[in-house]
Amino acid sequence: MNKEGYKLVQGNEACVEGALAAGMRFFAGYPITPSTEIAEISAEKLPALGGRFIQMEDELASMAAIIGGSLAGKKTMTATSGPGFSLMQENIGYAAITEIPCVVVNVQRGGPSTGLPTSPAQGEVMQAKWGTHGDHPAIALTPNSVQETFEYTVKAFNLAEKYRTPVIFLMDETVGHMREKMAFKDASEIEIIDRKKPTCKPEDYVAYRPDEDMIPPMAPFGEGYRYHVSGLTHDETGFPTNNNEISEKLVRRLVDKVDKNIDDFSYYEEYKLEDAEIVIIAYGGVSRSAKSAVDDLRKQNIKAGLFRPITIWPFLEKQVNKVSLNAKEIYVAEMNLGQYVLEVERIACKNCTVKSINKVNGELITPEEIVKAIGGNK
Amino acid sequence: MNCNETTKKYYRANKLPHIWCPGCGHGTLTNTIVRAVDKLGLNKDEVVIVSGIGCSSRAPGYLDFNTLHTTHGRALAFATGIKFANPKLHVIVIMGDGDSSAIGGNHLIHASRRNIDITAVVFNNNIYGMTGGQFSPTTPFGDLATTTPYGNIDKSFNLCSLAQGAGATYVGRGTAYHAPLMQKLIENGIQNKGFSFIEGLSLCPTYYGRRNKKGSAFKMHTFLKENCVDKKVVDKDPEKGKNKIIIGEFYNNPQPEYTESYQVIIDKLQG
């Protein structure tokens, strides 16, 4: 670290630093490129903090282990990439229905299947929301720099704890493997949220009875609140039920507790949007090219701007709608064949034209490619 | 402690009656776990029971401990997370035969290999009961199931050999008929500081027994009574084990335990 408090840090390393700052004391994972550094650095750093690292036999087990660890009272995380993220979907759904906080990092690489293990992609945008079966809540954050990776990993933990739900931290290989200067924050400068615990006596505890904020207090196993946790649809006591009314109420509450609080965690960046007629929407690694493209287009007297969602799920409807009211054209640039653009179209197509800039060859979309697609001189 | 007292102390009476079919061996096996916990005088607040999916996996719901009913096959992976996060908890995992050795087979061998202090109890009824009687990895060769209508051509697992081969440090087999033995094996398993694997031969008169003409639940119990021989007897006279099912304590070889080994690393780094 230099005397101004900066250090040259890799994105994956920043993720671990953020997690540790947020209070992560348990990591379970399985090696996979390009996320492996997150496991390696966690293995190195956790025991010195009294925390625990375990390499599991696969990603199914890793996801299960972080849910178990969280239920035993720890803040927990796993990290993976595409193929591993597919395996984790089973128990992401379990964490969602049982409302057990945890953070799942997916450093996206080229797919489908084994795909391009060392190359960037953004093919799991829809999977981050719909990967596990059934209706369920989804929170996913996408950073575009090393500094932001640190800060939003902290937020990912805070949201998991506050809303009692798994949070997906959707990185891409570009961000995971880039090295930039990062400011290490003092613990006192970082807001840390811990899960709400019951204050009642154990005999009065109804494990899944929500407070007014729709979130039930969570007791860790081992502290006298003996209760039942099940992935079956359950009533407020946590025990399985087939009751139609209770089932409907549970699924709606799980989704609502996240969706109806979106104003609490609508993170995004606006760049030169005030008078923008051409709006580029981009996130993660691609947004850095998009920002550069905005500057290039401005030099050519094309009124361009950038809207960059950091909260990628739930979809930022309000903000995208506002952007679309002033835009003539929106271009969604992403390293997939058009995923986020579908949501943008849903909201914006009544107000302006929505177009797609896509690339799936394993390389980052360049500023020049964006400029060219928009009709400027590259 | 008599039956009513154990029920009152350890069962969630308002969740009974259970869902198991008449004659099923799972109730007896569940009770052997409860009696073992009682015998060892464990604090209920520090006992965690984890299960996967299937008939056996419904057991934790009836028990007044910290209970976790997880996804199919994954119980040991969840349990590993719990035990590793808070090693003072006593973690007992209840699984079925398909649950533990088909979909959960990978987790079983790796939990065994790590020698993490978990007691795994498999209720082996040789069939997938919850889904209506498909063959499992312990359905005997030649037997009938809904998915082996012409006879099973898969070889069956010897679960105890599998767990022992993978590194479990305490291994034994009891049955729903030999309840006192089963209880004793579970007590020993809980006391073993490491991964303990106890197979409990159960019986499924509804799906396995009926299709394979094994007779009533009473007959199936009688079969266990007449065809199981304790390893101690066979060790003295191998002839007595011929064509029999061997039960009893198979392996007891304490080794360094996973969470304790990790604690050594923590202590060293924290100086």
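Each chain gets a letter, A, B and so on, in the order the sequences are listed, and its residues count up from 1. These numbers come from the heavy atoms of this one structure, side chains and all, not from hydrogens, waters or symmetry mates.
Under the 4.0 Å criterion applied to side-chain N and carboxylate O atoms, A:Glu17 and A:Lys45 are assigned as salt-bridge partners. Between A:Glu99 and A:Arg253, at least one side-chain N (NZ, or NE/NH1/NH2) sits under 4.0 Å from a carboxylate O, which counts as a salt bridge. Taking 4.0 Å as the cut-off between side-chain N and carboxylate O, A:Asp211 and A:Lys196 count as a salt-bridged pair.
A:Thr98 and A:Ser230 make their closest contact through CG2-O, 3.4 Å (heavy atoms, listed as atom of the first residue, atom of the second, distance). Of all non-hydrogen atoms in A:Arg164 and A:Pro216, the two that sit nearest each other are NH1-O, 2.9 Å.
In terms of non-hydrogen atom pairs under 4.5 Å with chain A, the most contact-rich of B:Val48, B:Asn43, B:Thr71 is B:Thr71. Your options are B:Leu269, B:Thr67, B:Asp64, and the one with the most heavy-atom pairs under 4.5 Å with chain A is B:Thr67. Looking only at heavy-atom pairs under 4.5 Å with chain A, the residue among B:Thr80, B:Ile49, B:Leu63, B:Thr70 that has the most is B:Thr70. Per-residue heavy-atom pair counts under 4.5 Å with chain A were compared for B:Arg74, B:Gln270, B:Gln263, B:His110, and the maximum is reached by B:Arg74.
Contacts of B:Lys83 with chain A are absent, with no heavy-atom separation under 4.5 Å from either backbone or side chain. Only the side chain of B:Lys88 comes within contact range of chain A, with heavy atoms under 4.5 Å apart. Contacts between B:Arg113 and chain A at a heavy-atom distance below 4.5 Å are absent for every atom of the residue. Using a 4.5 Å cut-off between heavy atoms, B:Leu68 touches chain A through backbone and side chain atoms alike. In this structure, the portion of B:Tyr262 lying under 4.5 Å from any heavy atom of chain A is its side chain and not its backbone.
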